[in-house]
Amino acid sequence: MPDISYWKEGSGKALVLLPGFCETKEMWKNFAEPLSEICEVWCPDLPGFGDSPAVSDQFTIKEIGLVLADWMLANNIGDAVLIGHSLGGYLALEMACLNKLDLSGMGLFHSTAYPDSDEKKLNRVKTIEFINKHGVSTFIQSSLPLLFRKENRESCGEAIASLIHYASQLPMTSILAYLQAMRNRKDHMKTLSEFQKPTLMICGNEDTAVPIIDSLSHKQAVDQFYQLTNCGHMGMYEQTQKTQKAILTFMESLPN
């Protein structure tokens with residue numbers, strides 16, 4: 001069985017929430033509470049992050065997706081709904097391509113089916129250089145608050161502090177490996193548009209990591225689309241109730 005650390009709560013249809021880059025399973029604790037009233041919510045740490053050991057020092061998004069798929073099968077949740085935040089969405093798209101799983105639905109939560117643009121690829125390289133020079137803690141403290149809309153940072157201060165606490169403890173080797181893997185990931189717009197089960201997308205109109213213009217171009221490829229106002233990249237904190245309701249509505253719309 002793959003060595004994946006996770007927590008779960010609730011009962012009902014299985015829902016797997018995948019965290020994003022430099023995020024851990026703890027991020028979902030409060031957010032998942034209302035979801036667990038109708039779902040069996042599973043929240044894993046990605047390999048190399050949190051309490052899940054790394055698979056290697058270098059890997060692809062597909063390889064991580066395979067590990068997570070094996071973990072789902074080992075826990076008899078191969079037919080779960082898979083919703084991924086940011087990097088978690090990239091993984092969900094890779095996992096949707098696997099013959100191993102029979103997913104019941106998929107959601108992109110501040111994520112995209114597009115590969116990195118040339119500009120984004122260059123920024124990944126610059127980020128790798130910054131971390132090698134200044135270390136993980138400085139990188140996390142300087143970059144993580146920027147994922148939130150500027151006007152939301154004060155009200156989300158407690159959440160930001162918690163995210164920084166967990167992210168600052170992550171190993172540099174895993175952070176650098178994920179940056180390289182994200183930079184090299186492939187285009188999955190065809191995967192999204194041809195996925196046979198229901199799909200969901202949640203995006204923020206002031207997201208600096210996934211520009212709203214990119215998110216809007218996904219609208220025709222998904223079944224349920226939510227554009228959040230006054231929101232950056234972290235809707236689970238910036239627009240908690242709206243994002244919870246979006247996921248609950250999606251889960252309730254699925255066939256039994």
Side-chain angles (χ1 to χ4, degrees), residues 5 7 17-32 43-54 57-59 61 64 84-91 109-112 116-117 119-185 202-212 228 230-240 243:
S5 177
W7 62 266
L17 297 176
L18 296 179
F21 179 58
C22 292
E23 296 170 351
T24 63
K25 61 185 179 295
E26 284 78 16
M27 69 178 290
W28 303 113
K29 269 294 181 187
N30 295 327
F31 183 81
C43 300
D45 278 327
L46 303 183
F49 283 168
D51 298 314
S52 293
D57 289 347
Q58 286 187 318
F59 47 76
I61 296 295
I64 298 297
H85 178 244
S86 199
L87 161 62
Y90 310 157
L91 288 163
F109 199 168
H110 299 293
S111 191
T112 177
D116 274 0
S117 64
E119 181 184 5
K120 190 87 170 182
K121 286 182 178 180
L122 184 59
N123 286 337
R124 301 278 193 208
V125 174
K126 289 179 179 177
T127 301
I128 290 170
E129 292 171 350
F130 181 92
I131 294 170
N132 278 319
K133 183 176 181 179
H134 299 286
V136 170
S137 183
T138 299
F139 164 65
I140 295 297
Q141 291 185 49
S142 61
S143 64
L144 198 148
L146 302 180
L147 297 175
F148 291 74
R149 177 177 178 254
K150 185 178 180 180
E151 291 80 3
N152 295 341
R153 290 172 199 164
E154 185 176 347
S155 62
C156 294
E158 191 175 322
I160 292 172
S162 177
L163 288 165
I164 288 174
H165 168 75
Y166 286 106
S168 296
Q169 301 175 52
L170 301 178
M172 182 186 290
T173 50
S174 293
I175 292 175
L176 297 179
Y178 274 109
L179 281 165
Q180 194 65 39
M182 289 190 292
R183 184 182 184 274
N184 295 335
R185 74 183 191 282
I202 301 172
C203 59
N205 70 327
E206 296 185 45
D207 190 336
T208 55
V210 182
I212 187 62
L228 305 171
N230 303 322
C231 187
H233 191 62
M234 306 297 287
M236 66 287 294
Y237 299 107
E238 298 179 79
Q239 297 282 0
T240 305
T243 48

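Quick caveat, the model's predicted, so the values are computed rather than measured.
When atom types are taken as modelled, the side chain of S52 and the backbone of G48 share no donor-acceptor pair closer than 3.5 angstrom. No donor-acceptor distance shorter than 3.5 angstrom exists from the side chain of S168 to the backbone of H165, with no hydrogens or angles considered. The main-chain N or O of M27 is found under 3.5 Å from a side-chain atom of Y237 such that the two form a donor-acceptor pair. Within the 3.5 Å criterion, the main-chain N or O of Y166 finds no donor-acceptor partner in the side chain of E26. The backbone N or O of N123 sits less than 3.5 Å from a side-chain atom of T127, completing a donor-acceptor pair. For R183 (side chain) and D116 (main-chain N/O), no donor-acceptor pair under 3.5 Å exists by modelled atom type. With D207 contributing its side chain and I212 its backbone, the two residues share no donor-acceptor pair below 3.5 Å. A donor-acceptor contact shorter than 3.5 Å is absent between the side chain of N152 and the backbone of C231. Looking at Q239, its side chain never comes within 3.5 Å of a backbone N or O of G235 through a donor-acceptor pair.
Listed here is the closest heavy atom pair of T240 and F31: O-CE1, 3.9 Å. The nearest pair of heavy atoms linking V136 to A167 is CG1-O, 3.9 Å. Residues W28 and P19 share a closest heavy-atom pair of NE1-N, 3.8 Å. Contact between S86 and G20 at its shortest, heavy atoms only, is CB-CA, 4.5 Å.
Side chains of I175 and C22 form a contact here, defined as non-hydrogen atoms less than 4.5 Å apart. You'll find the side chain of L144 stays beyond 4.5 Å of the side chain of F139, heavy atoms only. With a 4.5 Å cut-off on side-chain heavy atoms, F21 and L46 do not count as touching. Residues E151 and N230 fail the side-chain proximity criterion, which asks for heavy atoms closer than 4.5 Å. Two residues are said to be in side-chain contact when any heavy atoms from C-beta on lie closer than 4.5 Å; L179 and I131 meet this criterion. Under the 4.5 Å side-chain criterion, counting only non-hydrogen atoms from C-beta, D57 is not in contact with L176. The shortest distance between side-chain heavy atoms of P44 and F49 does not fall below 4.5 Å.
Here the straight-line distance linking atom CE of M234 with atom CE of M236 works out to 5.0 Å at 0.5 Å rounding. Separation of atoms CZ (R153) and CG (L147) is listed at 9.0 Å; rounding is to 0.5 Å. Atom-to-atom distance recorded for H134:NE2 and E129:CD is 10.5 Å, nearest 0.5 angstrom. Rounded to the nearest 0.5 Å, atoms CD1 (I64) and OH (Y90) are 15.0 Å apart. Distance check, rounded to the nearest 0.5 Å: OG of S137 to CD1 of I164 gives 8.5 Å. To the nearest 0.5 Å, atom CD of residue Q180 and atom NZ of residue K121 are 10.5 Å apart.
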Practice task
Apply the test side-chain contact (heavy atoms from CB on, under 4.5 Å) to residues T208 and R149: give CA-CA distance (whole Å), side-chain angles for both, the deciding distance (0.1 Å), then the verdict.
Solution key: CA-CA 9 Å; T208 55; R149 177 177 178 254; over 6 Å; no
Derivation and outcome, side-chain contact (heavy atoms from CB on, under 4.5 Å), residues S142 and F130 = CA-CA 11 Å; S142 61; F130 181 92; 4.2 Å; yes
- Mind running side chain to side chain donor-acceptor pair (under 3.5 Å) on S117 and E119 for me, showing each step along the way? CA-CA 5 Å; S117 64; E119 181 184 5; 5.0 Å; no
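H110 and H233 have tilted rings, their planes meeting at an angle from 30° to 60° on a 0 to 90° scale. Ring pair H85/F109 is perpendicular by interplanar angle, where above 60° counts as perpendicular and below 30° as parallel.
Environment of CD in Q58: sparse, with no more than 12 heavy atoms of neighbouring residues, nucleotides or ligands closer than 6.0 Å.
At a threshold of 4.0 Å, the pair K25-D45 counts as salt-bridged, since one of the basic side-chain nitrogens sits closer than that to a carboxylate oxygen.
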